[in-house]
Amino acid sequence: MRIYGEFEAELTAPPFVPRAIGKRAPTKLIVNMEVVEKEMEMSDGVSYVYWTFDGTVPGSFIRTRVGDEIEFHLKNHPDSKLPHNIDLHAVTGPGGGAESSFVAPGREAVFTFKTMNPGLYVYHCATAPVGMHIANGMYGLILVEPEGGLPPVDKEYYIMQGDFYTEGKNGERGLQAFDMQKAIDEKADYVVFNGSVGALTGSNAITAEVGETVRLFVGNGGPNLVSSFHVIGEIFDKVFVEGGSMVNENVQTTLIPAGGAAIVEFKVDVPGDLVLVDHSIFRAFNKGALGILKVEGKENKKVFGGKIEEKAYNPGNAVLSSVEVADEAASGPSPSTPVSSSLAEKMERGKSVYTQNCFACHQATGQGIPNAFPPLAKSDYLNADVHRAIGVVKYGLSGEITVNGTKYNSMMPKVAISDEEIADVMTYIYNNWGNNKTEVTPEMVKKVK
Ligand code: HEM
Ligand code: CU
């Protein structure tokens with residue numbers, strides 16, 4: 001193959017990827033990358049000194065095609081404390097380039113290689129202690145497109161999972177140091193996409209329009225954990241298994257090994273928030289491995305009808321409250337008409353509504369889960385405005401809010417329960433855990449639009 005011209009490679013920070021290669025011939029590509037050690041946010045109120053390729057975790061996305069000749073310039077910022085290097089899994093050669101790229105602070109190393117095999121590959125620092133360099137964020141992806149390029153799609157994004165080990169436990173505020181023992185024990189405090197909790201949620205969510213085909217380049221830097229990558233509410237039409245040439249179809253969850261990658265593609269048919277997770281699910285809901293792909297556009301009730309009905313279910317042998325029994329005796333089976341009842345009765349019903357609908361996230365005593373679910377106990381947000389709080393339960397909530405001085409930027413799904421049940425559960429919450437004892441009625445719930 002002949003090599004035409006010489007270009008500086010376009011590099012992008014996550015979640016974006018450079019322009020597609022298309023049909024271009026192999027070329028000589030100059031890649032300029034800089035190692036930067038810098039403090040960034042790991043989670044709300046939690047910071048960490050990351051070691052990075054180009055200042056982001058993961059590092060810049062490199063896009064090439066098979067047959068390209070790469071001249072790789074690895075620079076180490078003069079403010080760095082340590083030497084670093086790069087091992088690209090796309091390299092055929094000793095250490096994937098590690099030795100040839102070893103570079104002290106304030107120096108630049110240059111090495112060359114040819115992309116021999118198409119695929120999506122991880123790169124990472126391989127300076128001793130290797131595990132620590134990776135655990136601090138030194139990884140990224142390099143794509144080698146096949147001859148003729150990957151077929152065009154509407155949206156492409158770059159996502160990489162990583163596990164982090166901090167001296168303080170998850171949520172402990174302040175600057176957190178790396179904990180070597182936890183890393184050796186594989187006890188991650190954080191498991192995240194793109195370097196930090198919330199890197200892909202709220203205003204950082206990735207987006208697509210109904211009808212578009214989305215391609216995700218998903219990598220796993222590790223250092224330890226294997227990802228069970230899943231998108232809640234979607235099925236992968238195609239998975240380039242392990243980032244190679246084999247395509248699997250109609251996949252729910254794909255395994256992405258530490259130091260490995262996958263390309264997943266799917267068409268989005270209906271609007272809504274798709275939730276990207278590691279389906280080792282405590283990692284998603286308790287350690288941060290959760291992102292949002294926001295899909296906008298027209299509903300398609302044929303593909304997803306949504307809830308079409310909600311009604312009482314009584315298998316016949318349930319113990320009915322005396323009021324309801326009397327009611328039924330008088331007038332036969334009746335729709336579940338609201339019964340005005342004492343505070344104690346409301347509290348009791350509210351408690352069971354709470355256990356079934358809220359408990360999983362806000363926890364048994366309303367304490368919530370740090371960095372994920374805000375507290376309902378002594379919640380200033382809750383106590384300040386009952387109508388707003390009713391709205392949260394009735395319609396759901398997303399975007400940034402502050403509860404007792406801590407920011408949450410997540411989403412709460414709307415809870416599919418009746419106005420009576422909302423009144424009961426709100427009454428239960430308000431009359432518990434140090435809250436302001438408001439009594440919420442179904443009429444109040446009805447009025448909140
Ligand atoms: C926020 C109540 C179920 C996740 C809130 C807030 C209230 C509330 C009052 C406002 C903030 C505060 O006062 O702390 C309830 C009730 C529920 C329920 C009564 C059951 C009926 C859930 C569930 C989840 C959840 C099941 C998890 C799937 C969240 C999140 C926020 C929130 C993430 C913050 C949203 C944001 O950052 O914008 N909830 N919740 N909630 N809730 Fe719930
Ligand atoms: Cu390094």
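If you read the sequence from its start, that first residue is 1, and numbering goes on from there. Whatever order the structure lists ligands and atoms in, that order sets their numbers, starting from 1.
Relative to the six-membered ring of Tyr428, Arg349 misses at least one condition, a distance below 6.0 Å or an angle of at most 45° to the axis.
Aromatic ring orientation, Tyr157 versus Phe16: tilted (interplanar angle from 30° to 60°). Between Phe113 and Phe111, the ring-plane angle classifies as parallel under the 30° and 60° cut-offs.
Protein residues having at least one heavy atom under 4.0 Å from any atom of ligand 1 are Asn357, Cys358, Cys361, His362, Ala372, Phe373, Pro374, Pro375, Leu376, Ser379, Tyr381, Leu382, Val392, Val393, Leu397, Ser398, Gly399, Ile401, Val403, Tyr408, Asn409, Ser410, Met411, Met412, Pro413, Val415, Ile429, listed by chain and number.
Thr52 contributes a side-chain N or O that, together with a main-chain N or O of Val36, makes up a donor-acceptor pair within less than 3.5 Å.
Rounded to the nearest 0.5 angstrom, Asp44 CG and Tyr408 OH are separated by 8.5 Å.
Between the side chains of Thr427 and Glu439, not a single donor N or O lies within less than 3.5 Å of an accepting N or O. A donor-acceptor contact closer than 3.5 angstrom is absent between the side chains of Lys378 and Asn435. No side-chain N or O of Asp54 forms a donor-acceptor pair with one of Thr56 less than 3.5 Å apart.
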Q) Should Asn224 and Tyr165 be marked as a side chain to side chain donor-acceptor pair (under 3.5 Å) after you check the CA-CA gap, both sets of side-chain angles, and the distance that decides it? A) CA-CA 11 Å; Asn224 289 319; Tyr165 304 82; 2.8 Å; yes
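Protein N/O/S atoms closer than 2.8 Å to the Cu ion (ligand 2), listed by chain and residue number, are His84 ND1, Cys125 SG, His133 ND1, Met138 SD.
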